[in-house]
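Written out below as structure tokens is the structure these notes cover.
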Protein chains: 2
Amino acid sequence: MSTIKEVASAAGCSTATVSRALATPDKVSEATRARVARAIAEVGYTPNGAARSLRRRESRTIVALLPDISNPFFSEIINGIEDVAHQAGYRVLIGDCERDPQRAGAYFDLLPANQADGMLLLTADVPRALLDDARRRGRFPLVMACEFFDDRDLPTVTVDNYRAACQAIDYLVALGHRRIATLTGPVHNPICRERERGVSDTLTAHGLAGGAQTLAGDFGVHSGYVQGLALLTPLHSRPTAIFCHSDEMAIGVIKAARQLGLEVPRDVSIIGFDNIRLSEYCDPELTTISQPRAQIGQAAMRLLLGLIHDEPVERQQVLETRLIVRQSTGQPEPR
Amino acid sequence: MSTIKEVASAAGCSTATVSRALATPDKVSEATRARVARAIAEVGYTPNGAARSLRRRESRTIVALLPDISNPFFSEIINGIEDVAHQAGYRVLIGDCERDPQRAGAYFDLLPANQADGMLLLTADVPRALLDDARRRGRFPLVMACEFFDDRDLPTVTVDNYRAACQAIDYLVALGHRRIATLTGPVHNPICRERERGVSDTLTAHGLAGGAQTLAGDFGVHSGYVQGLALLTPLHSRPTAIFCHSDEMAIGVIKAARQLGLEVPRDVSIIGFDNIRLSEYCDPELTTISQPRAQIGQAAMRLLLGLIHDEPVERQQVLETRLIVRQSTGQPEPR
DNA sequence: CTGAAAGCGCTTACAG
DNA sequence: CTGAAAGCGCTTACAG
């Protein structure tokens, strides 16, 4: 690795001039700029990032912390984040904390350590104390996306989970369903609580509040399968429709139904959430709720850039969802 | 953010002693260590990573470069990488280059910029010139995992793609299939070429070389659907089995078959590759080839650590795959 | 076991 | 437009 000194001597100027040629080219004469450019190519120079960060007191790096990188839901959000970040000259470090507080802690340290300028938190499933402690150790530009903490005191980009749930239930009721069950995500997840409020308000409005079953999974396909079996037995008292808080769980429920000899949607209708890529390719194709994932990522990153640069920002942003009707829902059979 | 100076004055010692208390505690007296620990907690100190990297000439960070973060195949590999990395005190920066040379370039610069100590390259789909140029600019510990470049001159951890393909074809032939088609990944991908060699050698060994159709997709579900339609029409001359280079493509092919009124496996058998989580939950459950993903990640990271620390390493590591027979394959119907 | 001091590679305010 | 010099926050060889 060559240094700025070698470039300077190859270009016959000072290190200050090399630095300026790179950072503020208009402050350097045409001729010098060209000599510097040639020298850089000649010696194969890449500025030392550590030295630069130390001096500039910024890293031009942000961390995006995910609960679980294997969840396909996040990939398009990451794309949205990276689009905006790269355009603004920022690098995105993706942290996968896997519900492991120790891993999460390592990522929270990045900001006080000046290794990152801001954080995008895509999960509320981190120890709050860890977060608060890190925030106490210094400036901590932070934006939550998708999820949020109950107190909602942090800048957040979410979808309207309440309304999305209402829409799903209204749709099922309009089809004729009266026994509608819900398979939620983790019990303490605030977005799941929002959706449940939507479900229960809507069912109540339709006079269907009694006996609506609710079970909780973890958003993953396996929990959908397991809880699907539980929701659908005994068969004679099963719901005619199940609203699932993720597409993966919906796919698990469909497998459970198939295994119990039930056909979807004839015997039971299934709605998912997220509109993951595969939801269009499973059998039957999944009716689901689409979140504007790229936009969520973009909006969150823009908000974070605003925070980093101390600009005024809109701290609570809510984006709309869209119900996508495919083949996994239909009218209930008269029984 | 407080600095080491503030800690030193709070602890009544020099910055050198604080530094040693952190890095080499046994070189500091018990009592001093305790005072330093208290001072650190008091002022809320996190060492400045940029200063530390600059001084130590290492970042304890490695980059893992992926072709596409939305491919669920990679998540367990990343887990394997992170397990080993974190245990060794390294941080993992996940780079998603999306087949975009510019993005890839930004990640390659990380090593010459001293922002990363090594790179794990999980794709060969990057401009070779970009890589070679970055490697010329300084020390560049690099290991490839899963994929590789044709010349195989880089340290690599892969599975035995040739043998896996042979196994898949042997299995289909044993079931009675004679017209076996292949849906490969991208045309210039060396692992796909290896698999094709396995297919063609095995078919030849069974006297079935003639007329075996091969089409290429991009590993994604949509390309599986599109190419599945192409492989399966006209119906009368369709293959009785299709070997797909990814589970996602296999799922796409199954949808194509369904749409053409074909039942899997009765009318056509499908084998996937990768054993992604959802392969067990689609209908029918997918027969597939499982790669030891966590082990690939772990082995690659261990190899990289060896390279970083200039230890002797085994530069070419090949792990075994396993054929997992589920429901998407069966005997062909006599026609 | 501890401290003073040099130095890692940059950037930038200052002077010219 | 350019250069000399200070300093970002650490770590470590050296001396004691």
Side-chain angles (χ1 to χ4, degrees), chain A residues 1-37 39-40 43-61 89 109-115 117 137-139, chain B residues 1-37 39-40 43-61 89 109-115 117 137-139:
Chain A
M1 339 259 180
S2 44
T3 70
I4 199 171
K5 266 192 186 168
E6 302 171 44
V7 176
S9 75
C13 65
S14 71
T15 61
T17 297
V18 175
S19 180
R20 278 189 292 253
L22 253 23
T24 49
D26 42 301
K27 289 189 183 171
V28 174
S29 77
E30 174 87 47
T32 309
R33 230 184 302 153
R35 265 174 23 243
V36 169
I40 287 175
V43 307
Y45 170 66
T46 310
N48 182 309
R52 186 175 260 186
S53 293
L54 175 60
R55 190 49 233 245
R56 289 185 175 165
R57 321 187 73 51
E58 65 167 13
S59 59
R60 303 256 171 104
T61 299
D109 278 348
L110 251 22
L111 269 78
N114 256 295
Q115 313 250 80
D117 301 340
R137 297 212 296 281
R139 198 174 124 77
Chain B
M1 338 260 179
S2 44
T3 69
I4 199 171
K5 267 193 184 166
E6 302 169 45
V7 176
S9 76
C13 65
S14 72
T15 61
T17 297
V18 174
S19 180
R20 277 188 292 254
L22 252 24
T24 49
D26 43 301
K27 289 189 182 169
V28 174
S29 78
E30 174 88 48
T32 310
R33 231 183 302 153
R35 270 179 12 248
V36 169
I40 286 174
V43 306
Y45 171 67
T46 311
N48 182 307
R52 187 174 260 188
S53 293
L54 176 58
R55 190 48 233 240
R56 289 185 175 164
R57 322 188 71 50
E58 65 168 10
S59 58
R60 302 254 169 106
T61 300
D109 277 347
L110 250 23
L111 269 78
N114 257 293
Q115 314 250 79
D117 301 341
R137 297 212 297 282
R139 199 175 122 78

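It should be emphasised that the depicted structure is a prediction, and the values quoted were computed from it without experimental measurement. Numbered from 1 within each chain, the chains take letters A, B, ... in sequence-line order.
Comparing the C1' positions of D:dG16 and D:dT12 gives a spacing of 16 Å, expressed to the nearest Å.
Applying the side-chain hydrogen bond (donor to acceptor under 3.5 Å, both in side chains) criterion to A:Thr61, with sequence neighbours excluded, gives no partner residue. When the side-chain hydrogen bond (donor to acceptor under 3.5 Å, both in side chains) test is applied to B:Asn114, no partner is found at least two apart in sequence or on another chain. For A:Ser53, there are no side-chain hydrogen bond (donor to acceptor under 3.5 Å, both in side chains) partners at least two apart in sequence or on another chain. With sequence neighbours excluded, no residue forms a side chain to side chain contact (heavy atoms under 4.5 Å, CB included) with A:Ser9. Residues passing the side-chain hydrogen bond (donor to acceptor under 3.5 Å, both in side chains) test with B:Arg33, sequence neighbours excluded: none.
Counting only Watson-Crick and G-U wobble pairs whose two distances sit under 3.5 Å, DNA chain D takes part in these stems of three or more pairs: C:1-3 with D:14-16, C:5-12 with D:5-12, C:14-16 with D:1-3.
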Are there any protein N/O atoms within less than 3.5 Å of an N/O atom in nucleotides 13-16 of chain D, and if so, which ones and at what distance?
| residue | atom | partner | partner atom | Å |
| --- | --- | --- | --- | --- |
| D:dA13 | N6 | B:Arg20 | NH1 | 3.4 |

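Following rounding to the nearest Å, A:Arg35 (CZ) and D:dC1 (C1') show an atom-to-atom distance of 11 Å. The separation between A:Lys5 atom NZ and D:dG3 atom C1' is 15 Å, rounded to whole Å. Rounded to an integer number of Å, the gap from A:Ile4 CD1 to D:dG3 C1' is 13 Å. For the pair B:Glu6 CD and D:dC8 P, the interatomic distance rounds to 12 Å; values are reported in whole Å. Atom CD in B:Glu30 sits roughly 11 Å away from atom P in C:dT2 (whole-Å rounding). Summarising the geometry, the separation between CG on A:Asn114 and P on C:dG9 is reported as 20 Å, rounded to the nearest angstrom.
Residue A:Lys27 is classed as a base contact, given a heavy-atom separation below 4.0 Å to a base.
In terms of phosphate contacts, B:Thr3 brings no side-chain nitrogen or oxygen within less than 4.0 Å of OP1 or OP2 of D:dG9. An OP1 or OP2 oxygen of C:dT2 is reached within less than 4.0 angstrom by a side-chain nitrogen or oxygen of B:Thr32. Phosphate proximity of D:dT2 to A:Ser29: present, with a side-chain N or O under 4.0 Å from OP1 or OP2.
Atom CD1 of A:Ile40 and atom OG1 of A:Thr46 lie 9.5 Å apart (nearest 0.5 Å). Atom CG in B:Asp109 sits 4.5 Å away from atom CZ in B:Arg137 (nearest 0.5 Å).
Taking 4.5 Å as the limit, every side-chain heavy atom of A:Pro47 sits out of range of all side-chain heavy atoms of A:Ile4.
Note on residues 11-22 of chain B: pairs passing side chain to side chain donor-acceptor pair (under 3.5 Å), not counting sequence neighbours, are B:Ser14-B:Thr17. Residue pairs meeting the salt bridge (Lys or Arg N to Asp or Glu O under 4.0 Å) criterion with at least one partner in residues 50-61 of chain B, sequence neighbours excluded, are B:Glu58-B:Arg60.
Listed for the A:Ser2 side chain is a donor-acceptor partner under 3.5 Å among the backbone atoms of A:Val43.
Proximity of residues 43-60 of chain A to DNA chain D (heavy atom under 4.0 angstrom from any strand atom) is restricted to A:Leu54, A:Arg55, A:Arg57.
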